[in-house]
Amino acid sequence: MLEAAGLECVRQSRTLFTGLSFSLRGGELLRVAGANGSGKTSLLRIVCGLLSPTAGEVRWQGMGIQRLREEYSRQLLYVGHAAAVKDDLTAAENLSIACTLAGMPVAPPAVRQALEQYGLPPGEIPVRRLSQGQRRRAALARLLLSESLPLWLLDEPFAALDTAAAELTRALIEAHIARGATVVYATHQEVGIEAARIINLETAAA
Amino acid sequence: MLEAAGLECVRQSRTLFTGLSFSLRGGELLRVAGANGSGKTSLLRIVCGLLSPTAGEVRWQGMGIQRLREEYSRQLLYVGHAAAVKDDLTAAENLSIACTLAGMPVAPPAVRQALEQYGLPPGEIPVRRLSQGQRRRAALARLLLSESLPLWLLDEPFAALDTAAAELTRALIEAHIARGATVVYATHQEVGIEAARIINLETAAA
Amino acid sequence: MLAALRCIVYRDLLLALRRRSDVATALLFFIIVASLFPLGIGAEPNLLRSIAPGVIWVAALLSSMLSLGRLFAADYADGTLEQILLGAAPLGAVVAAKALAHWLVSGLPLVLIAPVLALQYDLALPLFWVLSLSLLIGTPVLSMIGAIGAALTLGLRGGGVLLSLLVLPLYVPVLIIGAGSVDMAAAGLAPDAQLLLLAAMLITAAAFAPWAVAAALRISIE
Amino acid sequence: MLAALRCIVYRDLLLALRRRSDVATALLFFIIVASLFPLGIGAEPNLLRSIAPGVIWVAALLSSMLSLGRLFAADYADGTLEQILLGAAPLGAVVAAKALAHWLVSGLPLVLIAPVLALQYDLALPLFWVLSLSLLIGTPVLSMIGAIGAALTLGLRGGGVLLSLLVLPLYVPVLIIGAGSVDMAAAGLAPDAQLLLLAAMLITAAAFAPWAVAAALRISIE
Amino acid sequence: MSTDSLKWLWYASPQTFYPLAGILARGCAVAAAVLAVIGLYIGFFVAPTDAQQGEAYRIIFIHVPAAWMSMFLYVVMAFWAAIGLAFNTRLSGMMATALAPTGALFTFVALWTGALWGKPTWGTWWVWDARLTSELILLFLYLGFMALQAAIDEPRRADRAGAVLAIVGVINIPIIYYSVEWWNTLHQGASVSLKSAPSMAATMFAGMIVMAAAFWMYSIAVTLVRVRCIILERE
Ligand code: HEM
Ligand SMILES: Nc1ncnc2c1ncn2[C@@H]1O[C@H](COP(=O)(O)OP(=O)(O)OP(=O)(O)O)[C@@H](O)[C@H]1O
Ligand SMILES: Nc1ncnc2c1ncn2[C@@H]1O[C@H](COP(=O)(O)OP(=O)(O)OP(=O)(O)O)[C@@H](O)[C@H]1O
Ligand SMILES: [Mg+2]
Ligand SMILES: [Mg+2]
């Protein structure tokens with residue numbers, strides 16, 4: 001379903017990786033590993049189409065993602081380094097807006113439930129008054145409402161989370177895989193999901 | 001040396017902790033633990049004087065830190081959630097400015113060496129062009145130049161670091177303790193430093 | 001798709017409501033610029049009357065230029081812009097919705113408040129209409145042109161100046177024609193030609209700007 | 001301690017150099033405001049000459065107000081402000097150094113460029129000196145007053161408007177006296193009284209503003 | 001791209017274009033010098049003195065070709081930029097970048113000679129007339145294009161961002177060209193057009209055409225030299 005063919009990424013005239021190819025079917029989990037600055041984030045951004053590779057192509061169900069555009073976007077969930085939440089809105093507002101923009105409007109009770117499940121405090125607290133980890137949880141709560149999407153791309157989903165939240169996130173990823181979807185994630189932390197595939201950028205770049 | 005007496009912190013009419021007291025001598029390591037939003041960051045900010053507690057007092061060598069002010073600041077190093085680096089400056093400029101502001105100017109070769117030791121790419125790259133982990137490393141490189149300070153306060157020092165960098169940071173903390181200084185840190189990640197003391201805010205708050 | 005567009009407008013209005021500064025800064029800035037002049041220049045009614053259309057239009061232009069710097073910057077910094085780019089609706093349409101929200105927040109209030117300022121400068125009553133109408137047609141053009149500049153300079157070194165440098169040449173015709181329409185009316189002539197020209201600009205901008213902005217955003221986010 | 005203060009000034013200048021926008025935006029903004037007026041108003045030399053001091057002073061005031069919003073905001077957002085508060089030097093002194101750097105970057109260039117603008121408005125040569133002198137004394141006052149407002153509104157919802165509302169009442173006297181001095185000279189009288197008054201304002205501001213700013217910062221950072 | 005692709009695609013690669021550009025540049029530079037000498041000779045010695053304007057009108061031999069070039073080069077620049085944006089070819093972006101300074105130069109020359117000419121004929125250096133204003137805007141567009149590219153470190157992003165701006169700015173070109181028809185302005189209407197015969201003396205016309213050709217050759221030469229520098233810098 002998701003294929004990468006001969007990807008190359010050059011940043012600041014340094015080649016991060018070249019000739020990187022993989023293909024993932026539904027139900028497969030790919031972990032991107034590598035040291036700081038080895039290009040994990042760059043790779044994920046290329047896969048979701050935010051960054052164009054210097055060479056090579058990403059294909060989704062056989063078609064180049066540059067041509068699919070919104071059609072591809074509608075099928076994926078990307079959670080990046082930045083939490084992508086607005087400081088001045090509450091977690092509930094943020095979540096419901098993010099889902100609507102992604103083309104899957106959800107009802108307030110579902111939003112409330114998702115936030116509750118991720119252990120966020122109830123009430124109308126703007127995100128700027130939340131702790132670092134709570135803010136991250138507010139971003140990750142989208143996972144609970146994106147079960148229908150066949151592709152998840154997660155950049156360091158476990159950063160800043162305490163053990164309970166990390167455990168929940170891990171369970172969600174595993175359940176999604178079991179559901180037959182594809183998940184690509186980058187992480188430094190060992191969280192005990194056994195990924196079917198691992199790309200180590202350190203060795204790939206050498 | 002460092003004492004906290006009956007600290008209380010209330011945020012948004014929720015009491016995070018109350019009656020929190022501890023005292024640390026040189027060579028002692030304190031780990032602050034607790035779930036997301038339990039008040040770890042708040043406690044560290046109270047200890048370094050950025051936040052005033054609703055009740056109680058922090059004392060350094062027997063004196064209230066509110067009275068000591070700059071004198072206290074000059075003896076501590078605080079590394080917070082935010083990396084406190086300027087996007088438009090290079091890592092070297094950031095580091096040397098941070099040290100000067102803290103009252104300990106350092107020569108360029110020392111700065112260069114510290115950055116090298118933390119594995120940052122050489123050259124005049126502004127921080128905005130660095131990856132998340134590299135930016136964090138640039139902030140932490142201050143540890144290498146702050147060996148003379150008797151108190152380190154570190155808020156999630158291991159977040160976003162890969163294993164090599166986390167290992168280095170752990171070694172620095174241990175060496176600092178061995179040198180007879182005091183270190184307080186908050187972290188979710190188990191990094192295998194055996195802390196002499198642990199404050200778990202979850203139990204403290206209940 | 002419509003749901004997503006409505007949602008963008010709703011979100012930006014909600015944010016403006018929460019931060020209020022965005023609405024009010026643009027408006028307040030407009031009022032301040034227009035009101036400081038009598039203070040700085042001294043209040044001779046004839047002098048004031050003759051500079052009024054120019055001052056009010058310049059104030060509108062500056063206020064629009066300033067609020068544009070932030071059109072995408074906040075979304076860029078906290079990562080929401082990435083999510084917007086990865087959204088379900090075509091980017092061009094999303095951008096148009098954002099520009100609309102921006103205009104509602106920072107352009108429309110200017111149009112509504114302009115007659116009050118005109119009063120302050122002792123303009124004749126029929127001119128009020130021309131002034132308001134020219135601003136009503138002209139300010140969305142400014143918003144759309146400005147959005148292109150804002151998208152191109154997103155995250156760049158020296159973004160602020162560059163934005164002005166890019167946007168200003170395209171603003172100047174709007175200013176000249178907009179202020180010209182009021183001057184024309186003040187001279188007792190019909191300002192139709194100028195107003196029609198402004199309308200033509202509006203249509204052109206509405207047709208092309210969203211796609212230019214979308215292209216620029218895709219480039220800037222890399 | 002002196003090393004730390006020098007370092008603050010150096011850092012802010014370096015940042016301004018890197019982002020250039022900060023220096024140039026304030027300056028370009030000043031030039032643009034002052035140059036757009038002839039476009040909007042129509043270029044009658046007599047009219048222009050009589051509004052010149054007001055226009056130039058208003059432009060300086062606006063440019064100062066706009067650049068102040070960012071005086072502490074960036075440092076606050078990326079955590080460097082915390083580190084500055086935890087620095088070795090007394091906060092009041094650090095704040096004064098920051099205000100100085102800000103003025104060097106965004107006030108001084110205005111003073112230097114003002115004669116060129118005066119030329120554009122065809123002002124008489126002796127007025128150049130009065131204009132420059134009044135700006136030289138007046139703009140640091142604006143910087144210091146503005147710093148208080150910027151510190152108080154740091155991170156607040158609606159910060160932008162609030163800042164303008166807090167700062168403007170204190171700015172207006174500076175504007176009136178500053179522009180008044182040039183008008184006085186244009187009328188052939190000695191502008192000494194106005195200039196002395198400006199200087200008194202400068203001394204007062206220099207004495208009190210840093211401590212007010214320091215207190216405001218400590219409150220805002222909680 | 002395989003080797004059996006079209007011949008011109010082969011030249012679209014910077015490496016193969018580099019030596020070709022060197023040869024072309026030298027030829028065009030020589031042609032530019034020769035044509036400029038001929039054009040200036042016709043302009044200053046052959047063409048008759050104007051009945052109304054005296055000798056001042058001779059500025060036309062620089063003013064008009066420069067004004068033509070300023071608009072034409074912008075269109076060419078936008079064309080290359082658009083090609084680069086659409087097909088992601090590296091050389092097109094370099095061409096656009098290389099054209100901008102020359103375009104800005106001719107715009108400046110047109111403005112400057114226009115202002116010089118305005119003083120004796122209209123009695124003022126500058127009026128806010130539609131053609132003059134739009135030509136000034138053209139200068140700012142060129143400057144904006146160059147400033148934008150200079151502010152971006154990554155060449156690929158710089159090319160593409162510049163392309164968007166260049167394309168947006170094209171709208172200004174018809175405005176400059178037709179401004180004298182659409183608004184009644186102080187400035188001259190077109191006296192040379194494809195449809196009608198030129199309404200001026202044949203020698204004047206010849207002088208202008210030769211000068212225009214000289215400017216063309218100069219533009220090509222300078223642009224190619226600049227492209228070679230850019231290729232060296234980037235590859
Ligand atoms: C700064 C002031 C001026 C600017 C920016 C300017 C701009 C231009 C431009 C862009 C063109 C080319 C338009 C075309 O091909 O149709 C042009 C052509 C021309 N200009 Fe100017 N001009 C200026 C001043 C003047 C003055 C003062 C005169 C003489 C009184 C003048 C006389 C002409 C003539 C005769 C042509 C040729 C028109 C034709 O044959 O197509 N210009 N100018
Ligand atoms: N700026 C603020 N203003 C008001 N309340 C805040 C602010 N920052 C955090 N809080 C609240 O204080 C509580 C504790 O936050 P704190 O940042 O200390 O938690 P933490 O233990 O560091 O969590 P994490 O592990 O997520 O970093 C949270 O419940 C949060 O809602
Ligand atoms: N915006 C950018 N512009 C230019 N270069 C960048 C940019 N962001 C990152 N880089 C460079 O690209 C390289 C890879 O960055 P990337 O963010 O992909 O690394 P990463 O593997 O995600 O690292 P980390 O573990 O620290 O998150 C780094 O060396 C960095 O210097
Ligand atoms: Mg990363
Ligand atoms: Mg925390």
Side-chain angles (χ1 to χ4, degrees), chain B residues 9-11 41-42 44-54 65-66 68-90 92-106 124 126-128 135-136 138-139 142 146 149 151 153 155, chain D residues 1-25 70-98 101 105 154-155 157 210-211 214-222:
Chain B
C9 178
V10 178
R11 295 213 112 173
T41 299
S42 306
L44 282 176
R45 287 170 67 90
I46 287 174
V47 170
C48 70
L50 286 173
L51 188 64
S52 35
T54 352
I65 60 167
Q66 292 307 323
L68 288 172
R69 283 233 164 136
E70 284 86 31
E71 228 165 293
Y72 176 57
S73 302
R74 226 167 291 152
Q75 310 198 28
L76 70 80
L77 168 71
Y78 170 67
V79 178
H81 267 304
V85 288
K86 287 279 162 203
D87 272 355
D88 293 307
L89 302 183
T90 66
E93 287 164 343
N94 266 307
L95 184 54
S96 105
I97 287 171
C99 290
T100 315
L101 286 185
M104 309 180 299
V106 278
E124 300 274 290
V127 170
R128 71 163 66 252
R135 171 189 291 254
R136 190 84 195 144
R142 270 190 74 188
S146 306
L149 298 180
L151 178 60
L153 302 168
D155 197 357
Chain D
M1 191 186 112
L2 265 181
L5 300 187
R6 239 197 340 260
C7 175
I8 281 274
V9 176
Y10 165 76
R11 185 193 80 131
D12 282 11
L13 293 182
L14 188 66
L15 275 172
L17 198 75
R18 285 291 153 77
R19 273 207 80 81
R20 244 152 302 167
S21 63
D22 284 20
V23 202
T25 304
R70 281 162 305 158
L71 184 53
F72 301 112
D75 286 349
Y76 177 67
D78 63 18
T80 29
L81 191 57
E82 289 177 0
Q83 296 294 342
I84 290 177
L85 277 153
L86 291 176
L91 190 53
V94 172
V95 163
K98 262 191 91 70
V105 164
L154 199 58
R157 207 159 4 108
W211 310 107
L217 279 183
R218 277 196 214 282
I219 295 165
S220 293
I221 200 93
E222 299 227 322

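Reminder, nothing fancy here: chain letters follow the sequence lines and each chain counts from 1.
Rounding to the nearest 0.5 Å gives a distance of 13.0 Å between CD of B:Q75 and CG of D:L86. For the atom pair CG (D:L85) and CG (B:L101), the distance works out to 11.0 Å, reported to the nearest 0.5 Å. Atom-to-atom distance recorded for D:L14:CG and B:I97:CD1 is 6.0 Å, nearest 0.5 angstrom.
Within the structure, side-chain hydrogen bond (donor to acceptor under 3.5 Å, both in side chains) pairs that include any residue of residues 94-106 of chain B do not occur (at least two apart or interchain).
When the candidates B:E71, B:K86, B:M104 are compared by the number of heavy-atom contacts under 4.5 Å with chain D, B:K86 comes out ahead. Of the listed residues D:A89, D:A3, D:A88, the one with more heavy-atom pairs under 4.5 angstrom with chain B than any other is D:A88. Comparing B:A98, B:A83, B:S73 by heavy-atom pairs within less than 4.5 Å of chain D, the highest count is held by B:S73.
Using a 4.5 Å cut-off between heavy atoms, B:R142 contacts chain D through its side chain alone, with no backbone atom that close. For B:E93, the part sitting under 4.5 Å from any heavy atom of chain D is the side chain, from C-beta outward, and nothing else. Proximity to chain D is absent for every atom of B:L77, based on heavy atoms less than 4.5 angstrom apart.
A donor-acceptor pair under 3.5 Å links the side-chain atoms of D:Q83 to the main chain of B:Y78, judged by distance alone.
For B:D155, the salt bridge (charged side-chain N to carboxylate O under 4.0 Å, His left out) criterion is met by no residue, not counting sequence neighbours.
In plain terms, the two heavy atoms of B:A82 and D:G79 that are nearest each other are CB-CA, 4.0 Å. Shortest non-hydrogen contact noted between B:R45 and D:I221 is NH2-O, 3.0 Å.
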